[in-house]
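Letters A, B, ... are given to chains in the order of the sequence lines, protein chains preceding strands, and every chain is numbered from 1.
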Amino acid sequence: MLQVELSPEEIRTAKPYRQWDMTDAEYARFTDLIGHLPTFTEVGLASGMWSEHCAYKYSKPVLRRFWTKNENVVMGPGEGAGAIRIGDGKVVVFKAESHNHPSAVEPYEGAATGVGGIIRDIFSMGAKPIAVLDSLRFGELDNPRTRQLLDQIVAGIAGYGNAIGIPTVGGETAFDPTYARNPLVNAMCVGIMDEDQLQKGRAAGVGNAILYVGAKTGRDGINGASFASGTFSDSEAADRSAVQVGDPFMEKLLVDACLEVTNDHQDILVGMQDMGAAGLVSSSVEMAGKADSGMQLDLDLVPQREPGMTPFEIMLSESQERMLLCVAAGHEDEISAIFARYGLDAVVIGRVTASHQYILTHHGETVCDIPVSSLTSDAPVYQQESRRPARLDSPAAPWQPAITDPTAAWLTLMNQPTIASKASLYGRYDAQVQTNTVVLPGSDAAVLRIKGTQRAIAVTTDSAGRFVYLDPAIGGQRTVAEAAANLVASGAAPLGITDCLNYGDPTKPEIFYELATSAAGITAATKVFNTPVISGNVSLYNETNGTAIYPTPMVGMVGVIDDLTTITTPAFKQPDDLVYLVGETTADFSGSEVQKMLTGTIGGTLPALPLTAIKDRQDHVLRAIRTHLVSAVHDISEGGLLAALAEMAFPNMLGAALKINVPAAWLFSETPGRFLITVAPAHQQAFEAALGGAAALLGTVTAAPQFTIAAADATFLAAVPDLHKAWEEGIPCRLN
Amino acid sequence: MRAAVITFPGSNCDTDLQWALQQICGIPADLIPASQDSLAGYDAVFLPGGFSYGDYLRSGAIARFSPIMGAVKQFAAAGGYVIGICNGFQILTEAGLLPGALQWNTSLHFICAPATLTVVNTATAFSNQYTENQAITLPIAHGEGNYYADPVTLADLEAHHQVVFRYRENPNGSLNDIAGITNRAGNVLGMMPHPERRVEALLGGTDGQGVFNSLAHTVKEAAVHVAG
């Protein structure tokens, strides 16, 4: 994309900013704020910084209502990532970020750079990244484009994460036609550090140096933030030059060098920030803004990959693997020498100034001279119109599956791509490097021990677009409740969440309603589960030809396990262990996997979620785990009780003989807030007492790998190897 | 015994190896940058897993030119123990310290999975604490672990009992199910599976300890002989 630099007068008449999704009104507002007709560079910077991706101009009123603080939160939203205490003087630092738009256009690099970007957010805080998770949503696998997207997105995540040496330990992958043209790629990174080493992205202290570190700046990802803040359509070719290219080797060096600086040179490091969306402009101006400083940069000093780059391109390039540091004056060489040892460029490109202006020079000319605040705190915020979508007022009639052959339905269910084993995908990720992964992918949550302590953390990502589509408020609540259940099932106490809010075009009142209402649902649930939102990101405009995806907030939750001996997995351990169901089963089929499987679509209404009762039940389960009363715990979610049972039987190829006093069809119900738990016979009494009568004994684990299930209206059998085969082949068979 | 673990730019299993050696097996281990050119004072040298120099050209192809590799060659020539794991194995074949090459897995995908191996030769410095034909489980995590050598080389390897570990179910297409080999002299080992990832019950088992304990045993015995 060749940029012809127009004069300020020409900009006013030709309005080139419209192609960067900046409106005439925003241009006028910006002109007012800076007090002169903006130059080409200035208006370009504003288009990037005022994009939804950087300014959250549509979502801010929603984000402000999140619950973000409790006694454990050390750093809430607003920095590179949030931080929360886990004990032993340590904090866990985490954040999730979407890379949906780039991955739709260039799946390998889009996914790879999504991983690279979120990792930088973590070590920019001074934390050592110890785990990556990925939450992925695709269309149906009968579509060749979807199969290619899946293969390349997984390859991109693997290509980056494996090389950089951070284990990819978990996540989720699900399939629905709504994501066919707008796949979701949400990556979460988790880091660990001592609380007293926490860094901030600040450029303070007049005269202090602004140090550019890492890869050179090229013409890749130019104005990617604006690109990510637009929709796709058949009539416009997607802009591949807006997608970046990743280099995990460079980032590996960058992580190690930056952590050496934050660990050993805290006294002379003032601040550090990743160059992410809107590249050099966002990192530098945000660092100045947060410290209420001014800044002057000489763009001729910026390491550049190719000649002839314009200020617009230099400032808005989203070349990867770059960091910006603020270093105490006089200590520049000390820090540069560290980076030099890793073979990395580290160049002083400017200084913190006493004024509040953001000044850029290029070839001896001033190309930008505007207040810092015009790009940061004075960016517009819109209170959008909100309108309840008509579909919510005319829901489909309640639906119940007619199951004549429960065994056959069970086999078909296990083969559904959303339920089926994801081993053929996550088997391509290195899940064990750094040797901390106690519970590997494929469980309710991944568990990582913290070396040098008796503690571990559990991490999960969850999203439930189907439920949010049917009822935004309850869907939002369910997403949080489900994440908490996954952690509890692993033996962890939930601590906090990060989120990626994936929605359509927020300027449509119905979309804004979905965003605001589901966020309110998330807030209500986070207060009950005591899991504040400490970081997150928003991905809007997930639309093609005017049709939006299901509203899909993704929640990444982290919890702590205080005693390594209380880590729990879903696998049946021993024959004769007792099998319990915790939580009532009712006819909850709206948005269920069985509804999609049998009708091809979803519909209906969701019952209110008894959040307090669910939390209370989770607390009881956690107490039983911590007192060593259980041998296996599994949260019941997608697919219902039978799907969960099968997953418990697979690892050790055991079976179970069970009597469950509901109709066989209800075994496919997805009533939230339930667990399956196994208990050694010796602990029967103590366990039942610990659960306070909330656990119903269903039967026992058997050595024979077979299920014998007596439901209220039918008794049926299923061979575990058959279920396993259906489950294992679900995805590979559809890919070949 | 004192071990050196080489950190190439892009190595990512170097600290895992150091942890396994030091914290779990009680063997002091230092991280040595690949820019260094001396290995004086060490009884064994480990080349760790990872993506040295990004592995953009071919796994291990750039690492073999790094300054430390001159010292590694001298160290090996003098009879010192050299162990390459995963990327380290790839580097040793690129450097000519071990025969053959590691090609892309037949699936053309990176594979991270537990692999069951047979210890086929327990008469080596790296496997004497295992029992003959013992089945052990170690994780593999590689894209290029498919061992290849020409028929003459392969026959030679077998004739001299240089194969130490074989896969029970071949995950990557390796000829003769080879998971790990030594050089003819028996002081250089290359293996694709990661013993350092399997040294703690908490992380799934301790089968990997045998490699480190065998080496510690060998070094200790040699010291006794020298002293005696």
Side-chain angles (χ1 to χ4, degrees), chain A residues 128-130 151 154-155 157-169 246-257 321 340-344 423-442 447-449 451-452 454 456 564-565 567 569 732 735, chain B residues 7-24 31 33-35 48-57 59 62-63 66 85-87 105 107-115 138-144 171 193-204 208:
Chain A
K128 178 179 168 61
I130 61 166
D151 180 68
V154 168
I157 292 166
Y160 209 99
N162 295 350
I164 198 169
I166 300 167
T168 302
V169 298
D247 178 357
F249 172 58
M250 175 72 84
E251 181 133 320
K252 166 81 172 123
L253 302 175
L254 203 53
V255 180
D256 292 347
E321 291 90 26
R341 255 198 294 114
Y342 290 87
L344 295 171
S424 63
L425 308 178
Y426 64 68
R428 291 158 67 178
Y429 307 143
D430 189 340
Q432 293 171 301
V433 65
Q434 297 192 15
T435 57
N436 294 319
T437 317
V438 180
V439 178
L440 292 161
V447 177
L448 299 124
R449 59 98 176 263
K451 280 180 179 144
Q454 280 306 304
L564 291 172
T565 67
I567 295 168
T569 65
L735 290 181
Chain B
T7 301
F8 296 93
S11 292
N12 62 31
C13 300
D14 46 344
T15 52
D16 298 355
L17 250 175
Q18 189 186 35
W19 170 269
L21 284 163
Q22 228 160 236
Q23 260 69 26
I24 308 300
L31 296 179
S35 54
F51 289 70
S52 50
Y53 300 91
D55 277 348
Y56 287 130
L57 175 60
S59 295
I62 305 296
S66 56
I85 297 168
C86 200
N87 192 228
N105 300 340
S107 68
L108 299 182
H109 285 155
F110 188 97
I111 302 171
C112 178
L138 299 180
I140 58 167
H142 58 244
E144 294 164 67
H194 288 268
E196 80 279 10
R197 294 188 182 185
R198 201 84 171 185
V199 293
E200 297 175 77
L202 179 67
L203 302 187

- Item | Per-residue contact mode, A/Ile164 against chain B (heavy atom under 4.5 angstrom) | backbone
- Check the pair A/Val433, B/Arg197 against side-chain contact (heavy atoms from CB on, under 4.5 Å), reporting the backbone distance first and the verdict last. CA-CA 8 Å; A/Val433 65; B/Arg197 294 188 182 185; 3.4 Å; yes
- Message: For the backbone of B/Cys112 and the side chain of A/Asn162, can you confirm whether one donor and one acceptor N or O come within less than 3.5 Å of each other?
- Response: no
- Task: Assign the ring pair B/Tyr53 / A/Phe249 to parallel, tilted or perpendicular, where the plane angle (0 to 90°) is split at 30° and 60°.
- Result: tilted
- Query: Any idea which of A/Ala163, A/Gly165, A/Gly427, A/Pro248 has the most non-hydrogen atom pairs under 4.5 angstrom with chain B?
  - Reply: A/Ala163
- Does any heavy atom of chain A fall under 4.5 Å from the side chain of B/Ser11, the backbone, both, or neither of them? backbone
- Message: Within a 6.0 Å radius of atom CD on B/Gln23, are there more than 12 heavy atoms belonging to other residues, nucleotides or ligands?
- Response: yes
- Note on the structure: CZ of A/Arg428 to CG of B/Asn105, rounded to nearest 0.5 Å, is 11.5 Å
- Message: Under 4.5 Å from any heavy atom of chain B, what part of A/Thr437 do you find: side chain, backbone, both or neither?
- Response: backbone
- For each of A/Ile166, A/Val439, A/Val438, A/Asp430, tally heavy-atom pairs with chain B at distances under 4.5 Å, and name the one with the top tally. A/Asp430
- Note on the structure: What one should report as the nearest heavy-atom pair of A/Tyr429 and B/Phe110 is C-CE2, 4.4 Å
- Nearest 0.5 Å please: distance from the CG atom of B/Asp16 over to the CD atom of A/Gln432. 10.0 Å
- Residue selection (most heavy-atom pairs with chain A, distance under 4.5 Å) from B/Ser52, B/Gly49, B/Ala20, B/Pro9: B/Pro9
- Query: At what distance, to the nearest 0.5 angstrom, does CG of A/Asn436 lie from CG of B/Leu203?
  - Reply: 7.5 Å
- Item | Gap separating the CD atom of B/Gln18 from the OG1 atom of A/Thr435, nearest 0.5 angstrom | 11.0 Å
- Query: Where on B/Glu200 is there a heavy atom nearer than 4.5 Å to chain A: the side chain, the backbone, both, or neither?
  - Reply: side chain
- Find out whether A/Asp151 and B/His109 are in side-chain contact, i.e. whether some heavy atom of one side chain is under 4.5 Å from a heavy atom of the other. yes
- Within a strict 4.5 Å, meaning less than it, do heavy atoms of the B/Tyr56 and A/Asp247 side chains meet? yes
- For A/Arg341, is it the side chain, the backbone, both or neither that has a heavy atom under 4.5 Å from a heavy atom of chain B? neither
